[in-house]
> 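Here it is, the structure, as structure tokens.
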Amino acid sequence: MNTNLNRRNWIKSSLALTAGLVATSSLTEKLMAAPVSHAEKIMLNQTSSLLNGAVRLNANENPYGPSEKAKAALLQLLSEGNRYPFAAMGEFKKLLAAKEGVAPEYIHLGAGSGELLCQTGVAFGLEGKSVMSSFPTFPMLMNYAEFMNATWQKINLNDALEHDYETMTSAITSDTKLIFVCNPNNPTGTLVDQMVVERFCEEASKKATVYADEAYLEFLEPSQQHSMVGLVKQGKNIIVSRTFSKIFGLAGLRVGYIVAHPDMIKRLAKYNDDFSISQTSLAAAKACIDDEDFMKLTRTKNAVARNVLTDYLDKKKIMYGKSVTNFVFFPAPKDGKTILTSMEQKGFLMRIWDYKNSEWCRVSIGTQDEMTRFIKAFDEIL
Ligand code: PMP
């Protein structure tokens with residue numbers, strides 16, 4: 001990362017890009033407000049000279065990607081950089097439609113699933129009333145909805161740091177227009193029994209639109225992955241989003257998609273730039289979409305590296321969410337600002353979240369070596 005680009009500008013520029021909107025400074029300020037903890041806001045004003053070369057355990061990135069197949073496809077497509085991606089987008093939609101078992105009209109592409117969360121937040125937010133989610137969760141959709149005109153109904157997690165579907169069910173009112181579910185959830189990494197989630201989605205979709213964010217689903221073994229796309233096929237009022245940023249390791253290339261009824265897609269696509277994805281990115285995504293070997297490699301290495309962190313937390317008797325993903329969430333054993341500053345000085349980036357008047361650490365899983373070095377540095381600051 002360029003040393004002249006301080007953290008504030010970095011977050012602003014990432015938000016502006018992800019938004020797919022012209023994000024003015026005041027818009028980004030507003031949108032930044034919710035996901036950034038108090039400790040992080042203090043840090044935003046400090047330019048760091050250490051971000052360059054730091055171990056990035058702050059954005060749930062895949063340290064093993066892009067795969068060799070994706071890299072080869074990128075190189076091959078370079079010479080077609082002079083062409084618009086009209087045909088490539090259509091072809092890629094068809095490929096995804098075949099994978100998901102739906103017609104291509106049920107697929108909507110985005111420059112990362114973040115762009116689709118923004119569009120949905122705008123579309124629903126403009127109508128006012130409220131959007132509901134468990135809290136904390138990945139806040140982008142709700143931030144945009146709030147910025148437009150809606151209120152965000154937040155339902156706290158249960159004691160195991162999981163979505164509390166019973167409380168969510170009883171909290172639905174006639175004002176609730178959209179319910180966001182994230183399974184596995186970010187920032188906690190926890191997974192709720194997928195049959196419970198499916199029953200919830202089915203029932204809740206009778207009262208409001210349900211948005212199921214499945215960004216981390218592929219961290220489960222293939223036989224364990226149960227997508228909510230089945231409910232879309234049954235005609236339920238559900239939007240499902242997936243991304244190439246996580247298990248496929250293409251976060252910087254920006255490819256994500258939604259599976260939903262074509263009428264819903266028309267509604268969201270009003271806020272969309274039709275050609276926001278480059279054909280190089282599409283080629284990389286196409287090349288790795290069924291690269292089971294690469295996904296397996298990521299899953300296996302991630303689980304080993306995650307154990308380094310959770311074994312350490314066990315040893316220290318620090319509780320944490322039972323993570324099935326590439327990040328772990330636990331109560332901050334010291335004040336957040338000290339943790340962020342000291343860890344940054346030692347060359348590690350991580351996140352602090354605010355929840356229930358306390359500070360919580362979210363540490364993404366890097367390589368085994370990075371995690372071994374991380375726990376040593378973390379232990380030193382404690
Ligand atoms: N959903 C969840 C749950 C996430 O954690 C993230 C990013 N960390 C996203 C969506 C957006 O990712 P992308 O835009 O890269 O697809």
Side-chain angles (χ1 to χ4, degrees), residues 37 39 53-65 136-138 157-163 182-193 215-225 246-247 249 251 294-356 358-382:
S37 65
V55 178
R56 291 161 59 139
L57 305 182
N58 61 339
N60 304 344
E61 293 162 345
N62 180 340
Y64 313 106
T137 190
F138 192 65
L157 303 165
N158 65 19
D159 290 342
L161 301 175
E162 298 161 349
H163 276 32
C182 191
N183 197 40
N185 184 41
N186 179 8
T188 54
T190 47
L191 177 83
V192 174
D193 180 331
Y216 300 96
L217 190 66
E218 296 98 340
F219 276 92
L220 303 179
E221 291 299 326
S223 62
Q224 306 297 309
Q225 296 170 19
K246 305 300 174 184
I247 199 84
F294 179 72
M295 286 188 261
K296 194 168 164 199
L297 174 137
T298 297
R299 254 180 237 123
T300 310
K301 285 186 181 277
N302 178 66
V304 172
R306 189 178 58 213
N307 279 342
V308 173
L309 177 58
T310 52
D311 285 352
Y312 168 76
L313 295 173
D314 286 338
K315 208 171 87 195
K316 290 283 166 184
K317 300 202 173 9
I318 299 173
M319 70 83 75
Y320 53 88
K322 193 172 175 306
S323 173
V324 298
T325 62
N326 62 340
F327 49 91
V328 176
F329 191 69
F330 54 94
K334 256 193 160 168
D335 81 280
K337 181 178 169 287
T338 305
I339 292 179
L340 289 177
T341 318
S342 314
M343 288 307 287
E344 195 172 305
Q345 274 162 5
K346 288 176 177 290
F348 293 91
L349 304 183
M350 54 179 283
R351 298 286 313 268
I352 295 287
W353 289 59
D354 296 324
Y355 172 50
K356 282 192 173 170
S358 301
E359 293 180 305
W360 296 71
C361 299
R362 193 201 67 187
V363 178
S364 306
I365 304 301
T367 62
Q368 187 176 1
D369 173 58
E370 285 169 344
M371 298 322 287
T372 307
R373 289 191 283 124
F374 173 85
I375 58 165
K376 184 169 175 290
F378 197 74
D379 205 44
E380 281 163 11
I381 69 155
L382 296 196

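Quick note: residue numbers are just sequence positions, from 1.
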> How long is the gap from CG on Asn58 to CG on Leu349, to the nearest 0.5 Å?
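One finds 4.5 Å between CG of Asn58 and CG of Leu349.
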> Check whether any side-chain heavy atom of Asn183 sits under 4.5 Å from a side-chain heavy atom of His163, and report yes or no.
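With C-beta onward as the side chain, the pair stays apart.
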> Considering residues at least two apart in sequence or located in another chain, which fulfil the side-chain contact (heavy atoms from CB on, under 4.5 Å) criterion with Lys334?
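Testing Lys334 for side-chain contact (heavy atoms from CB on, under 4.5 Å), a comparison that skips the adjacent residues, returns Thr338, Ile339, Leu382.
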> List the residues meeting side-chain hydrogen bond (donor to acceptor under 3.5 Å, both in side chains) with Glu162, not counting sequence neighbours, and say none if there are none.
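side-chain hydrogen bond (donor to acceptor under 3.5 Å, both in side chains) check on Glu162 returns Asn158.
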> Can you give me the closest heavy-atom contact between Ala305 and Gly366, atom names plus distance?
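Between these two residues, the closest heavy atoms are CB-O, 3.4 Å.
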> Work out which heavy atom in Gly336 is nearest to a heavy atom in Ala39; give both atom names and the distance.
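What the structure gives for the nearest pair is C-CB, 3.6 Å.
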> Taking Thr367's backbone N and O only, do any of them form a donor-acceptor pair with Glu370's side chain (distance below 3.5 Å, no angle check)?
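Yes, Glu370 side chain to Thr367 backbone: donor-acceptor pair under 3.5 Å.
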> Please test Arg56 against Glu61 for salt bridge (Lys or Arg N to Asp or Glu O under 4.0 Å), starting from the C-alpha separation and ending with a verdict.
CA-CA 8 Å; Arg56 291 161 59 139; Glu61 293 162 345; 2.8 Å; yes
> Under 4.5 Å between any side-chain heavy atoms of Cys361 and Met350, yes or no?
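Yes. Closest side-chain heavy atoms under 4.5 Å.
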> Give, for atom CG of Leu191 and atom CG of Asn185, the distance between the pair rounded to the nearest 0.5 Å.
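That separation rounds to 10.0 Å.
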> My understanding is that only residues two or more places apart in sequence, or in another chain, count here; which of them pass side-chain contact (heavy atoms from CB on, under 4.5 Å) with Val308?
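In terms of side-chain contact (heavy atoms from CB on, under 4.5 Å), with neighbours along the sequence ignored, Val308 is linked to Gln368, Met371, Thr372, Ile375.
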> Treating Glu359 as the side-chain partner and Asp354 as the backbone partner, does any N or O pair qualify as donor plus acceptor under 3.5 Å?
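Answer holds: no.
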> With a 3.5 Å distance limit and no angle check, can you tell me whether Gln225 reaches the backbone of Leu220 through a side-chain donor-acceptor pair?
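Looks like yes, one N/O pair under 3.5 Å.
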> With sequence neighbours left out, write down each residue that passes side-chain hydrogen bond (donor to acceptor under 3.5 Å, both in side chains) with Asn62, or none if nothing qualifies.
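Counting only residues at least two positions away or on another chain, Asn62 forms a side-chain hydrogen bond (donor to acceptor under 3.5 Å, both in side chains) with Thr298.
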> Measuring from Leu297:CG to Ile247:CD1, what's the distance to the nearest 0.5 Å?
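Between Leu297 CG and Ile247 CD1, I get 9.5 Å after rounding to 0.5 Å.
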> Return the set of residues passing ring pair (Phe, Tyr, Trp, His ring centres under 6.0 Å) with Tyr355 (not counting sequence neighbours), or none when no residue passes.
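Trp360.
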> Counting only N and O atoms by type, is there a donor-acceptor contact under 3.5 Å from the side chain of Asn326 to the main-chain atoms of Ile365?
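No, because the side chain of Asn326 does not come within donor-acceptor range (under 3.5 Å) of the backbone of Ile365.
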> Suppose the criterion is salt bridge (charged side-chain N to carboxylate O under 4.0 Å, His left out): which pairs have a residue in residues 298-308, not counting sequence neighbours?
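Sorted pair list comes back empty.
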> How would you list, by chain and number, every residue that makes a salt bridge (charged side-chain N to carboxylate O under 4.0 Å, His left out) with Lys376, sequence neighbours excluded?
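Lys376 satisfies salt bridge (charged side-chain N to carboxylate O under 4.0 Å, His left out) with Glu380 only.
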> Who are the side-chain contact (heavy atoms from CB on, under 4.5 Å) partners of Asn186, not counting sequence neighbours?
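Applying side-chain contact (heavy atoms from CB on, under 4.5 Å) to Asn186 gives Asn60, Phe138, Tyr216, Phe327, Trp353, Arg362.
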> If you look at every heavy atom in Ala59 and Ser364, which pair is closest and at what distance?
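Distance-wise, the nearest heavy atoms are N-OG, 3.4 Å.
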> Going by the salt bridge (charged side-chain N to carboxylate O under 4.0 Å, His left out) test, which pairs reach into residues 309-321, not counting sequence neighbours?
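Matches after skipping sequence neighbours: Lys316-Asp379.
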> Which residue pairs pass the ring pair (Phe, Tyr, Trp, His ring centres under 6.0 Å) test with at least one member in residues 362-382, sequence neighbours excluded?
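For residues 362-382: Phe330-Phe378, Phe348-Phe374, Phe374-Phe378.
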> If I compare all heavy atoms of Thr190 with all of Ala160, which pair ends up nearest, and what's the gap?
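Scanning both residues, the minimum pair turns out to be CG2-O, 3.7 Å.
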> Got a second to check how far Lys246's NZ is from Asn302's CG, nearest 0.5 Å?
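With rounding to 0.5 Å, NZ (Lys246) is 11.5 Å from CG (Asn302).
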> Using a 4.5 Å cut-off on heavy atoms from C-beta on, say whether the side chain of Leu313 contacts that of Val328.
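With C-beta onward as the side chain, the pair touches.
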> For Asp193, give me all partners under salt bridge (charged side-chain N to carboxylate O under 4.0 Å, His left out), at least two apart in sequence or on another chain.
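Not a single residue meets the salt bridge (charged side-chain N to carboxylate O under 4.0 Å, His left out) criterion with Asp193.
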> With sequence neighbours left out, what residues match Thr310 under side-chain hydrogen bond (donor to acceptor under 3.5 Å, both in side chains)?
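Checked Thr310 against side-chain hydrogen bond (donor to acceptor under 3.5 Å, both in side chains); zero matches.
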